[in-house]
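Here's the structure, in structure tokens; my notes come after.
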Amino acid sequence: MRFSQTLIPTLREAPAEAEIVSHKLLVRGGFIMQVARGIYDYLPLGLRVIRKVEAIVRDELNRVGCAEVLLPIVIPGELWEESGRWGKYGKELLRLKDRNERDFCVGPTHEEVITDIVRKFVRSYRDLPKHLYQIHTKFRDEIRPRFGLMRGREFIMEDGYSFHASAEDLDQHYLVIRDAYQRIFKRCGLASRVVEADTGAIGGKSSHEVVVLADTGEDAIAGCDACDYAANVERAESCTPEYESANTSDLQKVHTPKLKSVEEVASFLKVPKHQMIKTLLYLRDGGVVVALVRGDAEVNEIKLKNAVDAEFVTLADANTVRLVTNAEVGFAGPVGLPKSVDGIGAITVVADDALKGVSGAASGANETDQHFLGLSEGRDFKVTQFADLRMVKAGDRCVRCQKGALKIVRGIEVGHIFKLGTRYSEPMKATFLDANSKEHVITMGTYGLGIGRTMAAAVEQNHDAKGMLWPLPIAPAHVHLILASDEKRQMGDEIYEVLQREGIEVLYDDRDARPGVKFNDADLIGIPYQMVVGKKTASTNHLEWTERAAGVKQEKSLTDCIATVKEALRH
RNA sequence: CGGGGUGUAGCUCAGCCUGGUAGAGCGCUACGUUCGGGACGUAGAAGUCGCAAGUUCAAAUCUUGUCACCCCGACCA
């Protein structure tokens with residue numbers, strides 16, 4: 001690959017909209033270019049990295065018996081009607097009509113399509129298990145795309161689907177794929193970790209994310225410092241804190257003018273924060289959920305949504321709060337809430353487990369400028385349901401080992417695996433006959449790995465002040481050959497030929513440009529090995545050899561350079 | 001969708017408050033000097049000031065609308 005012939009539009013300055021390192025460097029290095037929000041061109045160098053990652057993914061998946069397919073990007077709406085997702089999937093689904101006004105969508109994921117294949121061709125338990133995957137472009141019309149390839153609307157993803165005769169078989173296969181994914185990331189030069197995750201919109205029983213730890217990651221991960229428990233904070237649990245029982249006393253109303261936040265009220269009433277009952281109202285489909293947590297805790301909205309089996313939960317507006325509590329925002333409490341409100345619907349009250357049997361607590365009185373002291377759960381108020389609603393905090397005790405403390409770190413979700421069960425196979429009637437000619441619904445798993453995101457994550461984990469530091473297995477080339485002096489062009493051309501003949505991928509900077517420009521571009525692009533042809537070393541028939549990451553220069557013969565690269569490629 | 005911000009040359013941005021000839025740096029073209037860590041000089045090309053209305057003798061500048069992009073929140077590989 002000659003620099004002069006390919007297209008590598010390096011930029012001295014990063015575009016103003018780029019926020020994180022990988023976005024800035026991939027744009028500056030001429031790997032990608034934005035076309036519309038969340039939609040990118042992959043330029044030659046970017047595409048080379050994408051292809052490298054894809055090759056590793058294929059290799060590892062094929063090795064464990066997965067079979068590659070290629071599914072359509074545009075999917076008929078009928079298939080989505082069958083699974084019931086046409087109505088449920090929101091605006092993230094890009095819908096379109098063909099010339100005959102028939103409904104189609106641009107695939108954000110392919111459960112329906114793949115299930116359609118399998119139900120047609122798989123009839124017997126003898127045909128199972130099967131794992132089919134594809135590597136393709138997806139489209140999700142995200143609310144807020146950002147961070148370059150990290151959260152695009154259009155993105156390249158490996159999506160795999162497995163089909164099993166039993167849940168046990170899925171359980172076993174699930175672990176095989178989890179391990180394959182971890183091997184893939186390891187080969188890409190990334191340190192990854194598997195964490196428990198919420199199943200979200202895709203549904204299903206159990207799910208894990210494979211994350212790459214990085215401070216710029218969008219996911220917050222809670223991990224135990226004593227055992228191997230790790231979970232996305234959306235799902236993470238911690239031990240229910242012990243309630244320090246306070247003096248039980250009679251219910252007492254206190255005037256608390258304009259004091260709304262837990263902080264303000266706690267200090268005014270001289271009550272510790274954890275003895276406050278924080279009362280938050282959430283709108284849900286068909287009503288309002290009142291969530292109660294200790295004053296020192298935060299509500300985890302995903303846990304709340306799952307606990308009450310809601311389609312959505314969203315913090316209620318001031319007007320709804322007034323209608324339900326008869327008070328201004330800031331004075332809500334669990335005592336005397338209505339069972340339902342006209343025009344709003346049913347009111348249910350869910351309390352965090354930590355509030356079970358609480359006494360001597362304080363909360364709003366559902367009356368503006370009034371709070372209660374001496375509240376006892378059961379005596380003064382009853383809740384519809386108890387559940388774990390807390391957002392875990394750093395320092396919480398681990399639920400798994402009961403000993404360690406949780407730490408919160410950030411990570412990038414590069415893979416996600418789900419045990420789907422029969423979420424799709426049942427409505428779409430994907431069944432098989434067992435050995436007794438009895439019909440069963442196929443059990444499914446689904447697995448996704450973000451190719452572009454893996455590329456971005458690799459940059460997040462591997463860069464320095466000058467630019468990117470590609471791990472050799474996914475680098476756009478093995479060697480960056482720099483012609484530093486035009487007088488040595490013939491020698492450079494010859495070395496370029498030799499390297500290619502040796503099977504080494506080389507980017508040859510043959511441009512008629514100043515050496516400084518070439519060195520800086522080479523450091524920015526971050527190909528692992530740099531070789532310089534120029535006057536300094538040409539007289540001794542040597543090359544200047546630099547490992548990009550270490551930055552130490554040394555003189556080497558061409559033969560030694562080739563041997564070193566080949567040795568590195570063997571690992 | 002709610003809140004905030006930005007649209008001026010290929011890129012990064014100034015000019016806008018206080019209306020009056022369209023600017024800088026980088027990049028690009030030509031010539032000369034230079035040539036191993038983003039050179040220098042000279043000359044040059046390049047912008048319907050996002051778009052549309054309005055106010056005005058006059059609009060990049062003021063007003064309204066609209067579109068695009070970005071940030072914070074709700075959604076997610």
Side-chain angles (χ1 to χ4, degrees), chain A residues 9-20 23-24 27-28 30 33-39 89-93 108-110 135-160 181 197-202 207 209-212 217-219 232 234 282-283 301-302 305 311-315 317 412-418 446-457 466-467 482-488 509 512-524 530 532-538 544 546 551 553:
Chain A
T10 57
L11 261 31
R12 195 178 291 211
E13 284 160 299
E17 66 266 18
E19 289 246 310
I20 59 169
H23 189 190
K24 285 181 187 168
V27 172
R28 280 191 55 211
M33 184 187 121
Q34 189 178 48
V35 183
R37 68 195 300 249
I39 301 177
Y89 217 96
K91 285 188 157 181
E92 285 73 38
L93 184 65
T109 171
H110 283 70
I135 297 176
H136 216 186
T137 296
K138 303 267 186 248
F139 192 92
R140 292 184 194 167
D141 202 353
E142 292 281 346
I143 287 168
R144 193 146 96 82
R146 61 188 125 173
F147 299 149
L149 296 187
M150 220 49 110
R151 176 178 300 289
R153 289 193 292 172
E154 187 179 284
F155 57 96
I156 302 171
M157 175 176 163
E158 178 276 314
D159 51 318
Y181 272 20
D198 186 66
T199 51
I202 295 185
S207 126
E209 286 174 6
V210 188
V211 298
V212 163
E218 288 192 87
D219 275 16
N232 191 307
E234 290 177 348
Y282 286 86
L283 290 172
E301 294 183 9
I302 291 170
K305 175 175 168 248
E311 295 271 323
F312 66 91
V313 291
T314 175
L315 209 52
D317 54 285
I412 299 164
E413 179 185 0
V414 285
H416 203 151
I417 57 180
F418 291 88
T446 181
Y447 318 85
L449 189 156
I451 304 285
R453 193 179 269 191
T454 298
M455 169 171 160
K466 291 177 173 178
I482 298 166
L483 181 65
S485 164
D486 204 55
E487 290 172 32
K488 301 295 166 196
D509 196 342
D512 178 19
R514 302 179 67 80
V517 172
K518 296 187 180 184
F519 290 133
N520 282 309
D521 274 350
D523 290 343
L524 173 62
Q530 300 176 349
V532 184
V533 194
K535 280 188 281 193
K536 270 190 186 169
T537 50
E544 200 170 287
T546 311
K553 292 177 186 177

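Every chain is numbered from 1 and lettered A, B, ... according to where its sequence line falls, protein lines coming before strand lines. Reckoned from all heavy atoms, side chains included, excluding hydrogens, waters and symmetry mates.
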Taking it one step at a time, do Val27(A) and Gln34(A) satisfy side-chain contact (heavy atoms from CB on, under 4.5 Å)? CA-CA 8 Å; Val27(A) 172; Gln34(A) 189 178 48; over 6 Å; no
Looking at rG38(B), rA74(B), rC1(B), which one has an atom nearest to any side-chain atom of Asp521(A)? rG38(B)
Can you identify which nucleotide, out of rC76(B), rC70(B), rC72(B), has its nearest atom closest to the Glu17(A) side chain? rC70(B)
Check the phosphate of rA74(B) against Arg144(A), side-chain N and O only, distance under 4.0 Å to OP1 or OP2. Yes or no? no
Can you give me the closest heavy-atom contact between His23(A) and Gly148(A), atom names plus distance? ND1-N, 3.4 Å
Any idea which heavy atoms bring Gly38(A) and Pro145(A) closest together, and the distance? CA-CB, 3.8 Å
How close or far is atom [atom2] of [N] from atom [atom1] of [X], stated in whole angstroms?
X         : N       : atom1 : atom2 : result
Ile412(A) : rA77(B) : CD1   : P     : 15 Å
Met33(A)  : rC69(B) : CE    : C1'   : 14 Å
Leu315(A) : rG2(B)  : CG    : P     : 17 Å
Arg37(A)  : rC70(B) : CZ    : C1'   : 9 Å
Lys518(A) : rA39(B) : NZ    : C1'   : 15 Å
Phe147(A) : rC76(B) : CZ    : P     : 17 Å
Arg151(A) : rC70(B) : CZ    : C1'   : 16 Å
Glu19(A)  : rC69(B) : CD    : P     : 16 Å

Between the CD atom in Glu92(A) and the CD1 atom in Ile143(A), the distance rounded to the nearest 0.5 Å is 5.0 Å
Whole-Å [atom1] distance, [N] and [M]:
N       : M       : atom1 : result
rG73(B) : rC16(B) : P     : 33 Å
rU12(B) : rC17(B) : P     : 25 Å
rC51(B) : rC26(B) : P     : 28 Å
rA24(B) : rU33(B) : C1'   : 26 Å
rC57(B) : rG19(B) : P     : 15 Å
rC49(B) : rG23(B) : P     : 14 Å
rC1(B)  : rG65(B) : P     : 16 Å
rG44(B) : rA52(B) : C1'   : 35 Å

Which sits closer to the 5' end of RNA chain B, Thr314(A) or Glu413(A), going by the nucleotide each is nearest to? Thr314(A)
Position toward the 5' end of RNA chain B (nearest nucleotide), Met150(A) or Ala16(A): Ala16(A)
Pair assignment for [N], Watson-Crick or G-U wobble, requiring both distances under 3.5 Å:
N       : result
rG54(B) : rC62(B)
rA68(B) : rU6(B)
rC76(B) : none
rG41(B) : rC31(B)
rU12(B) : rA24(B)

Mind listing the N/O atom pairs, protein and nucleotides 22-27 of chain B, below 3.5 Å?
none

Only counting residues at least two apart or in another chain, list the ones meeting side chain to side chain donor-acceptor pair (under 3.5 Å) with Asn232(A). Glu209(A), Asp219(A)
Would you mind classifying the nucleic acid contact of [X] as base, sugar-phosphate or nothing, using non-hydrogen atoms under 4.0 angstrom?
X         : result
Pro15(A)  : sugar-phosphate
Gln34(A)  : sugar-phosphate
Leu11(A)  : nothing
Gly152(A) : base

How would you list, by chain and number, every residue that makes a ring-ring contact (aromatic ring centres under 6.0 Å, His included) with His110(A), sequence neighbours excluded? none
By side chain to side chain contact (heavy atoms under 4.5 Å, CB included), Lys553(A) pairs with (sequence neighbours left out) Glu544(A), Thr546(A)
Salt bridge (charged side-chain N to carboxylate O under 4.0 Å, His left out) partners for [X], two or more places apart:
X         : value
Lys466(A) : Asp523(A)
Asp317(A) : none
Lys488(A) : none

For residues 145-154 of chain A, which residue pairs pass the salt bridge (Lys or Arg N to Asp or Glu O under 4.0 Å) check, not counting sequence neighbours? Asp141(A)-Arg153(A), Glu142(A)-Arg151(A), Arg146(A)-Glu218(A), Arg151(A)-Glu218(A)
Under a 4.0 Å heavy-atom criterion, the protein footprint on nucleotides 32-37 of chain B, written with B, S and -, is --B-BB
Non-hydrogen side-chain atoms of Ile156(A) and Ile135(A) separated by less than 4.5 Å: yes
